[in-house]
Amino acid sequence: MAAPMKSDAVGIAACDEVVFVGTHGIEDQISNLGVWDIRTGNLLQTFRNGSTAPYSLCLLGNEGLLAASHTKPVIHVWSMLRQSQKHRKLICGKMVCCLAITPDGNYIAAGLEDKLHIWQVCTGELYSVLTHCSAELKCLKFSPTGEFLVAGYKDGTVAVWELQDSLHQDTVRIADQHPISTFAGHTGEITGLHITLTNKVVSSAVDFTVKVWDLLSSEELKMFELGAPVCSVIVDHSEFILYAGDYNGNVYCIDLFYQPGERSVHIDTREESPAFTSYVAHVGPVQHMCLTSDQSKLVTASDDKLVKIWSLMSPVSPIVITVNDKVSNLLVVPTPNALIFPDHKPRVTIGNLSRHLHSTDDTNEEVEITIFIGKPL
């Protein structure tokens, strides 16, 4: 359930964007998931009775939050509405290693070991079980339009699936489904994915590299080699600047148009270069990064139990949020209506997740939870 803090709806409404932070804390610990004011770093609300495994926190329909458990084969569901604040669990057949939701809130994609499962939200029907390789899935991202699903694997492979072509409840047709493109340029585990508005995919890995490639053709457009394993990556809306966080706590701001004729660029922090700037942001690996919608702030999170909100417009000290454990998930979004108007009624149902294609098994007794999906109220 959600635990409101001493902050009324008027105060929350004044905040354009909020930061959701999930941690690696003990299962069912009170403060494993919280929402913070991006302007001040003040805690607005916490969500109880669950945990958030890495790469699994998702916002659903401006009213709900989903995250995988890091100890059980369960997807936790929280509603931000008072009328539906009970915490629920969606049971899966295996441990969920990553999770993503389409921008329209209609489909959930989850990595269960090496297999990619796709469910319809409102019914819980299983529409796809896709396999590309035997390596474990590490992270999932839908493209901004929801047309494509990009998956990163432990062996360094990245695969792109076209969503509509993958939605079949026919086991024969699903067996014939393959990614529309693949990229195998990394030699280590994929740690981060970002998809731009122009269908470029940016991937980071423990092999010290960040690669930019075309989503449809798999052509490698640019490669940046850093001095340490790269843990997270994000690109601004204009696609001018790439931000990368490494294992040593450094954040790099890299000019994507530096040396346009060169596909491979080595970043050496011992030398000054017009290609990049770097600074020590944390004392632990920078596992997660997000930009605000107006690109004025960069939010970073690390294993040092700190979340920092950096101004990109002025050289002021960052706002620092201290949490109870290593950060497992970070999400920066416009303030959900459910936080501003918690008394509104939920209007769409999320069904219990089927374990099999064409499932007619109605014996699952998990209680359904209703969550609004669609245009903001």
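FYI, the numbering just counts along the sequence from 1.
By the 4.5 Å heavy-atom criterion applied to side chains, Trp161 and Leu130 are counted as neighbours. The closest side-chain heavy-atom distance from Leu90 to Trp119 is not below 4.5 Å. Using a 4.5 Å cut-off on side-chain heavy atoms (C-beta onward), Arg48 and Trp78 make no contact. Asp114 has its side chain out of reach of Tyr153: every pair of non-hydrogen atoms, C-beta onward, lies at least 4.5 Å apart. In this structure, the side chains of Asn32 and Thr52 stay at 4.5 Å or more apart for every pair of heavy atoms. Between Ile350 and Ile108, the closest side-chain pair of non-hydrogen atoms falls below 4.5 Å. When side chains are defined from C-beta on, Gln295 does not count as touching Leu312, because their heavy atoms never get closer than 4.5 Å. Side-chain contact check for Ser181 versus Leu216: every heavy-atom pair is 4.5 Å or farther apart.
Here the closest heavy-atom approach between residue Ala53 and residue Ser69 is recorded as CB-O, 3.7 Å. The minimum heavy-atom distance linking Met80 with Pro336 is given by the pair CE-CB, 3.8 Å. Here the closest non-hydrogen pair linking Ala301 and His282 is N-NE2, 4.0 Å.
Phe240 and Tyr258 fall within a single hydrophobic cluster, where Ile, Leu, Val, Met, Phe, Trp and Tyr side chains are chained together by heavy-atom contacts under 4.5 Å. One hydrophobic cluster, built from ILVMFWY side chains closer than 4.5 Å, cannot hold both Val212 and Leu197; they sit in different ones. Connection of Val265 to Val235 is established within a shared hydrophobic cluster, with ILVMFWY side chains joined at heavy-atom distances below 4.5 Å, either directly or through further cluster members. Taking hydrophobic clusters as Ile, Leu, Val, Met, Phe, Trp and Tyr residues chained together by side-chain heavy-atom distances below 4.5 Å, Leu59 shares a cluster with Leu339. Using a 4.5 Å cut-off between side-chain heavy atoms of Ile, Leu, Val, Met, Phe, Trp and Tyr, with links allowed through other members, Phe142 and Ile234 fall into different hydrophobic clusters.
Between Tyr243 and Trp310, the ring centre distance reaches or exceeds 6.0 Å.
Listed for the Tyr55 side chain is a donor-acceptor partner under 3.5 Å among the backbone atoms of Thr191. The backbone N or O of Leu57 sits less than 3.5 Å from a side-chain atom of Asn329, completing a donor-acceptor pair. With Asn42 contributing its side chain and Asp37 its backbone, the two residues share no donor-acceptor pair below 3.5 Å. Proximity of a side-chain donor or acceptor of Thr292 to a complementary backbone N or O of Lys297 within less than 3.5 Å is detected. Listed for the Thr187 side chain is no donor-acceptor partner under 3.5 Å among the backbone atoms of Asp207. With hydrogens and angles ignored, the 3.5 Å screen pairs no side-chain donor or acceptor of Asn337 with any backbone N or O of Phe341. In this structure, Glu17 contributes its side chain and Ser293 its backbone to a donor-acceptor pair below 3.5 Å. A donor-acceptor pair under 3.5 Å is absent between the side-chain atoms of Lys138 and the main chain of Gly192, judged by distance alone. Ser56 places no side-chain N or O within donor-acceptor distance of the main-chain N or O of Leu99, the cut-off being under 3.5 Å.
Aromatic ring pairs are classed by plane angle as parallel below 30°, tilted from 30° to 60° and perpendicular above 60°; the pair His24 and His70 is perpendicular. In this pair, His186 and Phe183 present their aromatic rings perpendicular. The plane angle is above 60°, beyond the 30 to 60° band.
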Verdict with supporting geometry, Thr335 and Val18, side chain to side chain contact (heavy atoms under 4.5 Å, CB included): CA-CA 5 Å; Thr335 305; Val18 293; 3.7 Å; yes

CA sep, side-chain torsions, deciding dist, call: Leu81, Lys345, side chain to side chain contact (heavy atoms under 4.5 Å, CB included): CA-CA 7 Å; Leu81 297 172; Lys345 294 182 179 180; over 6 Å; no

Side chain to side chain contact (heavy atoms under 4.5 Å, CB included) assessment of Thr131 paired with Leu116: CA-CA 6 Å; Thr131 303; Leu116 178 56; over 6 Å; no

Derivation and outcome, side chain to side chain donor-acceptor pair (under 3.5 Å), residues Asn248 and Asn250: CA-CA 6 Å; Asn248 296 325; Asn250 300 308; 6.0 Å; no

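Crowding of Lys141 atom NZ: a count of heavy atoms from other residues, nucleotides or ligands under 6.0 Å not exceeding 12.
In this structure, the side chain to side chain contact (heavy atoms under 4.5 Å, CB included) partners of Pro229, at least two apart in sequence or on a different chain, are Val206, Phe208, Tyr247. With sequence neighbours left out, the side chain to side chain contact (heavy atoms under 4.5 Å, CB included) criterion links Ser134 to no other residue.
Asp303 and Gln287 share a side-chain donor-acceptor pair at under 3.5 Å. Side chain to side chain, Thr23 and Asn324 meet the donor-acceptor criterion of an N or O pair below 3.5 Å. No side-chain N or O of His132 forms a donor-acceptor pair with one of Thr157 less than 3.5 Å apart. Using modelled atom types, one finds a donor on one side chain and an acceptor on the other under 3.5 Å when comparing Thr198 with Lys200.
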